[in-house]
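Quick note on labels: first sequence line is chain A, next is B, and so on, each numbered from 1.
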2 protein chains.
Amino acid sequence: MVSTVPFDDFHIEDGSPVYLQIMLFVKRGIVAGSIQNGDELPSRRVLSSLLGVNPNTVQKAYRMLEEEGLIQSHTGAKSYVVLDQAKKYRIRAELMEAHAKATIRAMRQMGISKEEALSVIDRLWES
Amino acid sequence: MVSTVPFDDFHIEDGSPVYLQIMLFVKRGIVAGSIQNGDELPSRRVLSSLLGVNPNTVQKAYRMLEEEGLIQSHTGAKSYVVLDQAKKYRIRAELMEAHAKATIRAMRQMGISKEEALSVIDRLWES
DNA sequence: GAAACTGTATTAGTCATATAATACAGTTGT
DNA sequence: ACAACTGTATTATATGACTAATACAGTTTC
């Protein structure tokens with residue numbers, strides 16, 4: 001079932017470039033399964049207007065997603081998600097490991113034990 | 001026992017501003033206990049030379065740490081760490097919660113269960 | 001007191017991010 | 001065919017992070 005990638009629950013935060021936030025949102029959606037092979041992406045103009053950012057910013061995110069082989073664009077036509085199991089698995093592993101390792105490094109540098117780190121995450125999970 | 005804050009195991013990564021990385025390193029050292037009240041900080045020039053960055057970048061980090069009340073500087077003299085239990089506790093809670101929440105949000109957006117998230121962190125902890 | 005260190009300040013320049021305005025090329029739907 | 005959408009490209013501008021060079025003020029040490 002082909003649908004349009006929903007950007008409803010995407011909100012811009014500060015701290016990292018917007019084009020990276022858009023890329024991450026798409027990748028996380030792919031891992032979650034809410035974005036599937038063949039799905040249609042909102043046009044650059046539509047999404048930039050929806051997010052309140054410049055079309056060039058969306059274009060940059062889309063272009064880099066295309067360079068990673070996750071979407072395809074052709075002048076004049078809509079852009080579509082291009083996925084297979086291998087890509088999905090790769091992204092899932094990449095993102096999970098990256099996030100986990102970042103957290104672990106921070107916690108270790110603070111001298112926090114594995115047990116306390118896990119317990120804090122467990123406790124804060126529902127919120 | 002007063003010593004000089006050690007920046008030996010600090011390495012610059014790309015992705016976030018260097019002055020923020022320096023601030024984070026100091027804060028994590030405070031939480032870990034390797035940085036204590038009264039400790040002496042390397043001078044702006046010495047640290048910038050050690051890290052291979054511009055003195056202004058170190059100055060920005062130090063100035064913001066001073067604005068947070070974690071260090072004190074006086075023209076002509078060295079800069080020192082100024083801590084008490086309340087500050088340490090506040091920083092510890094702030095950092096732990098920030099890191100945990102960031103990880104949780106990412107994992108949730110990927111549709112990863114709490115159990116799998118915890119298990120991944122547990123597995124990657126030793127590395 | 002003088003040298004050698006401290007912190008602080010200013011000015012100029014580069015680079016990445018993002019905005020703004022505009023233009024052109026190709027498609028889709030009627 | 002034509003209108004209304006697509007993607008793509010260019011030029012100009014602004015801001016934050018960072019570099020570079022330099023200057024000045026205050027301290028510590030001998």
Side-chain angles (χ1 to χ4, degrees), chain A residues 2-7 10-27 35 38-82, chain B residues 2-7 10-27 35 38-82:
Chain A
V2 173
S3 55
T4 298
V5 174
F7 276 84
F10 172 73
H11 298 292
I12 294 174
E13 301 160 12
D14 33 23
S16 82
V18 174
Y19 77 94
L20 286 180
Q21 295 185 42
I22 294 173
M23 290 180 69
L24 254 187
F25 179 81
V26 171
K27 288 183 174 183
I35 297 178
D39 277 1
E40 185 179 303
L41 289 155
S43 81
R44 275 76 165 161
R45 288 172 180 82
V46 167
L47 182 56
S48 67
S49 163
L50 182 66
L51 302 182
V53 300
N54 194 276
N56 298 337
T57 302
V58 176
Q59 163 65 1
K60 183 167 187 179
Y62 279 16
R63 192 184 62 228
M64 297 189 73
L65 284 171
E66 183 160 25
E67 285 172 0
E68 282 199 49
L70 301 179
I71 75 176
Q72 273 191 359
S73 303
H74 298 289
T75 298
K78 286 277 183 77
S79 300
Y80 296 93
V81 176
V82 181
Chain B
V2 172
S3 55
T4 298
V5 174
F7 275 86
F10 174 73
H11 298 292
I12 294 175
E13 301 161 10
D14 33 22
S16 83
V18 175
Y19 77 92
L20 286 180
Q21 294 184 43
I22 294 173
M23 291 181 68
L24 253 187
F25 178 80
V26 171
K27 287 183 174 184
I35 296 178
D39 279 0
E40 186 179 303
L41 289 155
S43 81
R44 276 77 164 160
R45 289 172 179 84
V46 166
L47 182 57
S48 68
S49 163
L50 181 65
L51 302 182
V53 301
N54 194 277
N56 298 338
T57 302
V58 177
Q59 163 66 0
K60 184 168 187 178
Y62 279 15
R63 193 185 62 227
M64 297 189 73
L65 284 170
E66 184 160 24
E67 285 172 1
E68 282 199 51
L70 301 179
I71 75 176
Q72 273 191 359
S73 304
H74 298 289
T75 297
K78 286 276 182 81
S79 300
Y80 296 93
V81 176
V82 180

Check: protein-nucleotides 18-20 of chain D nitrogen or oxygen pairs below 3.5 Å:
from, atom 1, to, atom 2, distance (Å)
D:dC18, OP1, B:Val18, N, 2.3
D:dT19, OP2, B:Asn54, N, 2.8
D:dT19, OP2, B:Thr57, OG1, 2.8
D:dA20, N7, B:Asn54, ND2, 3.2
D:dA20, N6, B:Asn56, ND2, 2.9

Polar atom pairs between nucleotides 27-30 of chain D and protein, under 3.5 Å, N or O only, would you list them?
from, atom 1, to, atom 2, distance (Å)
D:dT27, O4', B:Gly76, O, 3.4

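Residue pairs that meet the salt bridge (charged side-chain N to carboxylate O under 4.0 Å, His left out) test with at least one member in residues 41-52 of chain B, sequence neighbours left out, do not exist here. Applying the side-chain hydrogen bond (donor to acceptor under 3.5 Å, both in side chains) test to pairs two or more places apart or on separate chains, those with a residue in residues 12-22 of chain A are A:Glu13-B:Arg105. Residue pairs that meet the salt bridge (charged side-chain N to carboxylate O under 4.0 Å, His left out) test with at least one member in residues 51-61 of chain B, sequence neighbours left out, do not exist here.
Evaluation of the ring pair (Phe, Tyr, Trp, His ring centres under 6.0 Å) rule for B:Phe25 yields B:Phe7, B:Phe10 as partners, not counting sequence neighbours. By the side-chain hydrogen bond (donor to acceptor under 3.5 Å, both in side chains) test, A:Gln72 pairs with no residue at all, sequence neighbours left out. Contacts of B:Glu40 classified as salt bridge (Lys or Arg N to Asp or Glu O under 4.0 Å), with partners at least two apart in sequence or in another chain: B:Lys78. Residues satisfying the side chain to side chain contact (heavy atoms under 4.5 Å, CB included) test with B:Ile35, not counting sequence neighbours, are B:Val5, B:Val26, B:Ile30, B:Asp39, B:Val81. Legend: residues meeting salt bridge (Lys or Arg N to Asp or Glu O under 4.0 Å) with B:Glu68, ordered by chain and number and at least two apart, are B:Lys27. Taking the side chain to side chain contact (heavy atoms under 4.5 Å, CB included) definition, one finds that B:Asn56 meets it with B:Asn54, sequence neighbours left out.
Counting any heavy atom pair closer than 4.0 Å across all strands shown, B:Val58 reaches no nucleic acid atom. Residue B:Arg45 is in base contact, counting any heavy-atom pair closer than 4.0 Å across all strands shown.
Under the 4.5 Å side-chain criterion, counting only non-hydrogen atoms from C-beta, B:Leu51 is not in contact with B:Thr57.
Taking the 5' to 3' direction, DNA chain C first and last meets chain A under 4.0 angstrom from a heavy atom at C:dT17 to C:dT28.
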